[in-house]
S.K.: 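The structure follows.
Quantities reported herein were computed from a predicted structural model and do not represent experimental measurements. As the structure lists them, so they are numbered: ligands from 1, and atoms in each ligand from 1.
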Amino acid sequence: MRQPLVAGNWKMHGTLATNQRLLEALKAGLAGLAGVQVAVCVPFPYLAQAGQALAGTGIGWGAQTLSEHDTGAYTGEVSGPMLRDFGCRYVIVGHSERRSLFGERDPQVAAKFVAAQRAGLTPILCVGETLAEREAGATEAVVASQLDAVIAAAGAQALAQAVVAYEPVWAIGTGRTATPSQAQAVHEFIRARLATAGGAALAGGVAILYGGSVKAANAGELFRQPDVDGGLIGGASLVAEDFIAICRAAAAKGA
Ligand code: PGA
């Protein structure tokens, strides 16, 4: 059975001092919690800090993007092997902010996914539609094409070593969450798409997270949906008690 995963996406937030308080609070608050995997995806400069604070705990750490290249003259970029050097287990790939603000399109997202796996990292592949796309009835087409681009580049079986995050763009940072049934419908669609591409066993094993304004108050209901295997958490991952409560909600599913 799939184990639930809750991953925090800190985005471009934090300082050494605030991170340390948050990491210590997570360590204390999550110690001994079974039935869920937990990770935090932190800004690059703080990877060493996260690694030092979390080494030996069950909490993993990772980054929010990576280069599609392993090494070379790519000023400002950070590669998969560098992330491995800092003990990362996960890396977010194709977050909607990367797509919309930094021009990442499907082929580059797919190349980053492949680069992450080449380095031994678990990519958390984000897919999701904008409000206009949802209102035009294009949700499934958009999500399918984002998923298919990665399947075409990496092969369907590569998804067995990955996590998918469904993040409707209109729900990210807006306080407007998908209803549990809206989330479940898209998660079910994603799993069916994975089954078509790689078989039912593959599809049944891939964790599909929901992201977009997950809070302590709505996490339980979302995670109770059969195809929602945890969450990718932005704003609420910066508040220890909220993030811990969300992890507990996921653990209740995994128990
Ligand atoms: P949010 O962000 O929880 O603040 O909506 C989620 C994300 O962008 O991954």
Side-chain angles (χ1 to χ4, degrees), residues 4-14 18-19 22 26 36-44 46 50 59-66 88-104 109 112-113 116 121-131 133-134 139 142-143 146-147 150 162-180 182-183 186-187 190 206-223 225 228-250:
L5 168 67
V6 175
N9 174 10
W10 288 8
K11 308 194 180 183
M12 200 173 72
H13 294 290
T18 60
N19 297 344
L22 178 54
L26 296 185
V36 62
Q37 287 190 299
V38 177
V40 290
C41 294
V42 309
F44 294 134
Y46 300 126
I59 307 171
W61 60 94
Q64 300 166 14
T65 185
L66 81 168
C88 290
R89 194 181 308 166
Y90 297 99
V91 61
I92 299 170
V93 168
H95 189 279
S96 76
E97 286 151 18
R98 300 298 315 172
R99 294 178 190 262
S100 67
L101 302 174
F102 301 100
E104 291 188 14
V109 170
K112 288 180 180 225
F113 180 100
L121 299 159
T122 300
I124 301 175
L125 170 67
C126 298
V127 297
E129 82 289 359
T130 63
L131 187 57
E133 288 164 343
R134 172 163 284 265
T139 297
V142 168
V143 167
Q146 291 171 337
L147 210 53
V150 171
V163 173
V164 176
Y166 168 57
E167 296 210 309
V169 177
W170 47 272
I172 294 176
T174 58
R176 185 175 166 191
T177 320
T179 64
Q182 281 175 325
V186 181
H187 282 230
I190 291 170
V206 178
I208 306 176
L209 312 184
Y210 170 78
S213 299
V214 178
K215 306 291 176 204
N218 60 26
E221 213 189 340
L222 285 160
F223 297 165
Q225 303 303 307
V228 178
D229 305 313
L232 181 57
I233 317 299
S237 74
L238 299 170
V239 181
E241 62 179 358
D242 293 352
F243 190 64
I244 290 164
I246 291 167
C247 293
R248 289 187 184 284

S.K.: With heavy atoms only and a cut-off of under 4.0 Å, state how Asn9 meets ligand 1: side chain, backbone, both or neither.
M.R.: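 Just the side chain.
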S.K.: To which protein heavy atom is atom 9 (O) of ligand 1 closest, and what is the distance rounded to 0.1 Å?
M.R.: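 Closest protein heavy atom to atom 9 (O) of ligand 1: Glu167 OE2, 2.7 Å.
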S.K.: For Gly212, is at least one N or O under 3.5 Å away from an N or O on ligand 1?
M.R.: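 No; every N/O pair is 3.5 Å or more apart.
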S.K.: Could you work out, with side chain to side chain donor-acceptor pair (under 3.5 Å) as the rule, every residue matching Glu97, not counting sequence neighbours?
M.R.: Lys11
S.K.: Within the structure, does Ser213 bring an N/O atom to less than 3.5 angstrom of an N/O atom in ligand 1?
M.R.: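 Yes; at least one N/O pair falls below 3.5 Å.
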S.K.: How far is atom 4 (O) of ligand 1 from its nearest protein heavy atom, and which residue and atom is that?
M.R.: Gly235 N, 2.8 Å
S.K.: Can you give me the closest heavy-atom contact between Ala216 and Ala245, atom names plus distance?
M.R.: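 Here Ala216 and Ala245 meet closest at CB-CB, 3.8 Å.
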S.K.: Are Pro43 and Met12 close enough that some pair of their side-chain heavy atoms sits under 4.5 Å apart?
M.R.: no
S.K.: Compute the shortest N/O to N/O distance between His95 and ligand 1 and return yes if it is under 3.5 Å, no if not.
M.R.: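 It does: an N or O of His95 is found under 3.5 Å from an N or O of ligand 1.
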S.K.: Where is the tightest heavy-atom contact between Ala39 and Phe243, given as atom of each residue plus distance?
M.R.: O-CZ, 3.8 Å
S.K.: Heavy atom under 4.0 Å from ligand 1: found in Ser96's side chain, backbone, both, or neither?
M.R.: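 Neither; nothing of Ser96 gets under 4.0 Å from ligand 1.
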S.K.: Compare Ala236, Ala7, Gly234, Cys126 and give the one whose heavy atom is closest to atom 6 (C) of ligand 1.
M.R.: Gly234
S.K.: For a quick test of reading the model, state the closest non-hydrogen atom pair linking Val109 to Arg99 and the distance between them.
M.R.: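 Smallest interatomic distance, heavy atoms only, reads CG1-NH2, 3.8 Å.
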S.K.: Need the ligand 1 atom indices (1-based, order shown) with element for anything under 4.0 Å from a heavy-atom of Ala171.
M.R.: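 Listed by number with element: 5 (O).
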S.K.: Just which atoms of ligand 1 are under 4.0 Å from any heavy atom in Lys11?
M.R.: 2 (O), 7 (C), 8 (O)
S.K.: Under the ring pair (Phe, Tyr, Trp, His ring centres under 6.0 Å) rule, collect the residues that match up with His95, sequence neighbours excluded.
M.R.: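 Expected list: none.
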S.K.: Can Lys215 be said to touch ligand 1, with heavy atoms closer than 4.0 Å?
M.R.: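 Not so, Lys215 does not reach ligand 1.
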S.K.: Is there a donor-acceptor contact under 3.5 Å from the side chain of Asp229 to the main chain of Ile208?
M.R.: yes
S.K.: Under 4.0 Å from any heavy atom of Gly173, which atoms of ligand 1 are there?
M.R.: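 Near Gly173, meaning under 4.0 Å from one of its heavy atoms, ligand 1 has 1 (P), 4 (O), 5 (O).
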S.K.: In terms of relative ring orientation, are Tyr210 and His187 parallel, tilted or perpendicular, with 30° and 60° separating the classes?
M.R.: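 If you compare the ring of Tyr210 with that of His187, the planes turn out tilted.
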